[in-house]
2 protein chains.
Amino acid sequence: MSKGETGSYSIGALAEATDTKVETVRYYERIGLLPEPGRTAGNYRAHTEDHLARLSFIRRARDLGFTLEQIRALLGLADQKDKDCRVVDAMARGQISAIDRKISDLRALRRELSDLLGQCRQGTIADCRIIGALSPCE
Amino acid sequence: MSKGETGSYSIGALAEATDTKVETVRYYERIGLLPEPGRTAGNYRAHTEDHLARLSFIRRARDLGFTLEQIRALLGLADQKDKDCRVVDAMARGQISAIDRKISDLRALRRELSDLLGQCRQGTIADCRIIGALSPCE
DNA sequence: TCTGCACCCTGTAGTCACTTCAGGGTCAAG
DNA sequence: CTTGACCCTGAAGTGACTACAGGGTGCAGA
């Protein structure tokens, strides 16, 4: 599970370094998000530092809630260093407002559920407020 | 799109009444969440009030963030009116803590993204802080 | 009566981001 | 020389729908 002496990473090493599952790394390669690495004599993948950097970027962006398609776009942009970064900025802003929407939805939902719970007096299901609140005819 | 004079609902009427897509209603039927309705002479589905009630329950629970499998369980419970409702209560509590977890994850994420945005000075991609923060070698 | 249109039917495949599985091959340690 | 950890491929499964192809039904207007 460590970097080989030739400076290449096995898929397991790469996965461990980026907190990714091995299958997920192969998946990213399959969908063309990660370039195909070279192979060893025994047909094992031999990833480079570049693969590591790219995979780190992908995972970090995923953690920030970007979709794989957004990440594909970001990776495309990141290669064009002379263009201005307004596009990247706009994507980040869009991401933030999506997050704000999700948070307020979740808060509303939480309020509703805890109101329901507050009314629950541990009786039988026949007079359970939670079931009752979900059913339309009550 | 209205309730027929025999008191049955077409799939479109049922969908509209519960703010569901027609395909989703058929999907719920296919996976056994909604019982198979009767059919008209022309092989159209003819849903009853019971279908409407059950579908309302499903949609409402979905809106509250329950999974279809949890809903299947809730529907099973709702039919056993003499049992005590501690199970239902526990499911609601579990749901609330899952929501709390999601909210705090999203808040952390939001903070991180807006820190990034705050540093963005609309230069070229080469010195874009967002791209930079995602890349490992900076 | 014909025609057009909105609605309905079935079955299949696509979505997203993975995960799991079956059925093998490779490699280093003991 | 065998054991066990790791690796390989290709296909299928997950959740909760959504979309599409290729039809049939029902009703209003011309």
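As a basis for the values below, the full set of heavy atoms in this structure was taken, side chains included, without hydrogen atoms, waters or symmetry mates. Just so we're on the same page: letters track the sequence lines, and every chain starts at 1.
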Protein-to-nucleotide contact annotation, 5' to 3' order, nucleotides 13-26 of chain D [B base; S sugar-phosphate only; - none; under 4.0 Å, heavy atom]: ---BBBS----BBS

Under the side-chain contact (heavy atoms from CB on, under 4.5 Å) test, which residues partner A/Ala92, sequence neighbours left out? B/Leu113, B/Leu117, B/Ile130

Taking the basic N atoms (NZ, or NE/NH1/NH2) and the acidic carboxylate oxygens, is any pair closer than 4.0 Å for A/Arg110 and B/Asp100? yes

Rounded to whole angstroms, how far apart are CZ on B/Arg39 and P on C/dC8? 12 Å

What pairs with B/Arg86 under salt bridge (Lys or Arg N to Asp or Glu O under 4.0 Å), at least two apart in sequence or on another chain? B/Asp84

Report the distance from atom CZ of A/Arg45 to atom P of C/dG25, rounded to the nearest whole Å. 17 Å

Regarding B/Asp115 and B/Arg111, does a basic nitrogen lie under 4.0 Å from an acidic carboxylate oxygen? no

Rounding to a whole Å, what distance do you find between B/Glu29:CD and C/dC8:P? 13 Å

To the nearest Å, how far apart are A/Asp63 CG and C/dA17 P? 13 Å

Does B/Thr20 use its side chain to pair, donor to acceptor, with the backbone of B/Glu16 at less than 3.5 Å? no

Rounded to whole Å, the CD1-P distance (A/Ile71 to C/dC16) equals 13 Å

Salt-bridge criterion met for A/Arg26 and A/Glu29 (N-O under 4.0 Å): no

Given atom CD1 of A/Ile31 and atom C1' of C/dG14, what is their separation to the nearest angstrom? 15 Å

Integer-rounded Å distance: C/dC7 P and B/Leu14 CG: 15 Å

